[in-house]
Amino acid sequence: MNSSRRAIIKALLTEKPFISLKELEESFPDVSSMTLRRDIEYFEKQGDAIKVRGGARSMKFITTSMEDSFHQRLNENMTAKERIARRAIDLIETGRSLFLDSGTTVLKLAAMLPDERHAITTTGPNIALELIKKTQPIVNLVGGMINRENVSISGNQALKFLADINIDIAFIVPSGLSFKDGFTSGNYSECELKRMVVEKARKVVVLMDDSKLNRCLPFTFCQLNNVHTIVTNDYLPDDIAVAAMKAGVEVIVTG
């Protein structure tokens, strides 16, 4: 009975982005809520779902990204990304605990970063490979599921890893920023991870070129009042600029 029930739940996870515990209780009235919670935990360990409040989210839908692929973005706005990365380095003090997000701008930052003593945690395998070319930084690569599109690691294992890491300065790259929806991402799992990093970091620095402005993707991971500094290559739209000023956000325009 256990195997047949889990076969039905797995089928549901391939059909729906979210299954509520209430829905499972109605489908299996003779099974206790505790047993159904254990079923959700089982599928989380199998990599088929992420346990959330009130049920489970299907990894089939979570891992589908609405963003352009990393390789497609690698050669876009190269000059702007280099200027942003160079200016971001000025915000780093030796000996800090840093978080480096994934993405092409952060890859530039990793390459330009002086060979100094830092403790650096990253979700980008390519970022980590760039960092270990240096001799001084201590590099932690978050473990978990790799998103092929973004060359980024996320998922429940990644969240558990980050729970034990202290972050002094986090360099975050959004997929979009809009006045209404704040900083957004096209992948739910990555959104959850960025949200945790923003909550843990003493200082949050957002790196973004002008292609991200007035762009809104499905999942919001934070708002303007959750960040301390934005480094960008162009002036923010008026509505966002006013909101940033009211929130006390430092905006650095590299030109």
Side-chain angles (χ1 to χ4, degrees), residues 1-67 69-70 99 101-103 121-125 141-165 167 170 172-176 181-201 216-223 226:
M1 180 63 182
N2 182 57
S3 59
S4 61
R5 183 181 69 252
R6 287 184 173 175
I8 294 171
I9 295 174
K10 185 166 185 176
L12 289 172
L13 288 169
T14 65
E15 298 169 0
K16 304 174 67 174
F18 175 75
I19 304 175
S20 69
L21 181 61
K22 182 179 179 181
E23 179 182 354
L24 292 178
E25 289 171 341
E26 291 174 351
S27 298
F28 304 101
D30 298 328
V31 179
S32 70
S33 295
M34 184 61 69
T35 297
L36 293 171
R37 287 191 178 93
R38 284 197 291 267
D39 286 339
I40 290 174
E41 291 172 357
Y42 168 81
F43 285 109
E44 185 175 50
K45 290 177 181 178
Q46 296 297 309
D48 294 317
I50 289 181
K51 181 173 63 175
V52 296
R53 183 185 296 274
R57 289 189 179 275
S58 170
M59 289 302 298
K60 176 184 176 182
F61 295 89
I62 289 173
T63 55
T64 300
S65 176
M66 297 182 64
E67 302 174 41
S69 72
F70 176 88
F99 173 83
D101 204 353
S102 59
T121 301
T122 182
T123 51
L141 178 60
V142 173
M145 177 185 62
I146 298 180
N147 181 330
R148 289 181 176 85
E149 293 297 311
N150 291 345
V151 194
S152 176
I153 296 173
S154 59
N156 191 56
Q157 287 178 295
L159 294 176
K160 290 179 179 178
F161 183 94
L162 284 169
D164 295 326
I165 299 292
I167 303 170
I172 298 287
V173 179
S175 299
D181 297 300
F183 297 98
T184 57
S185 170
N187 181 289
Y188 178 82
S189 185
E190 289 184 12
C191 174
E192 290 290 285
L193 187 144
K194 290 179 194 287
R195 183 179 293 127
M196 172 181 275
V197 170
V198 168
E199 290 174 353
K200 288 180 67 68
C216 177
L217 279 84
F219 307 109
T220 296
F221 62 87
C222 75
Q223 298 289 343
N226 301 123

Side-chain contact, heavy-atom cut-off 4.5 Å: [X] with [Y]?
X: Phe99; Y: Ile165; value: no
X: Gln46; Y: Lys10; value: no
X: Ile153; Y: Pro125; value: yes
X: Leu24; Y: Ile9; value: yes
X: Tyr188; Y: Val52; value: yes
X: Pro17; Y: Arg57; value: no
X: Glu41; Y: Lys51; value: yes
X: Thr122; Y: Leu141; value: yes

Assess the side chains of Tyr42 and Arg6: does a donor N or O sit below 3.5 Å from an acceptor N or O?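 No pair is found: no donor N or O on one side chain lies under 3.5 Å from an acceptor on the other.
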Is any NZ, NE, NH1 or NH2 atom of the basic residue among Glu25 and Lys22 found under 4.0 Å from an Asp or Glu carboxylate oxygen of the other?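 No, Glu25 and Lys22 are not salt-bridged.
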On a heavy-atom basis, which atom in [X] and which in [Y] lie closest, and how many Å separate them?
X: Ser33; Y: Leu21; value: O-CD1, 4.3 Å
X: Glu26; Y: Pro29; value: O-CD, 3.6 Å
X: Phe18; Y: Ala56; value: CD1-O, 3.2 Å
X: Phe28; Y: Ile8; value: CZ-CG2, 3.9 Å
X: Val197; Y: Ala170; value: CG1-CB, 3.6 Å
X: Phe219; Y: Asn187; value: CD1-C, 3.7 Å

Test your reading of the model: is there a side-chain donor-acceptor pair from [X] to the backbone of [Y], 3.5 Å cut-off?
X: Ser102; Y: Gly124; value: no
X: Ser189; Y: Gly155; value: yes
X: Thr220; Y: Asp181; value: yes

Hey, what do you get for [atom1] ([X]) to [atom2] ([Y]), rounding to the nearest 0.5 Å?
X: Lys194; Y: Leu162; atom1: NZ; atom2: CG; answer: 11.5 Å
X: Lys45; Y: Arg38; atom1: NZ; atom2: CZ; answer: 11.0 Å
X: Leu193; Y: Ser152; atom1: CG; atom2: OG; answer: 7.0 Å
X: Thr123; Y: Ile146; atom1: OG1; atom2: CD1; answer: 10.5 Å
X: Asp101; Y: Ile172; atom1: CG; atom2: CD1; answer: 4.5 Å

Which of these, Glu192, Glu190, Arg195, sits in a side chain to side chain contact (heavy atoms under 4.5 Å, CB included) with Ser185?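 Of the listed residues Glu192, Glu190, Arg195, the side chain to side chain contact (heavy atoms under 4.5 Å, CB included) partner of Ser185 is Glu190.
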Please check if the number of heavy atoms outside Lys200 that lie under 6.0 Å from its NZ is greater than 12.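 Above 12, so yes.
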Can you name the one residue among Asp39, Asp30, Thr35 that meets side-chain hydrogen bond (donor to acceptor under 3.5 Å, both in side chains) with Arg5?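 Among the candidates, only Asp39 passes.
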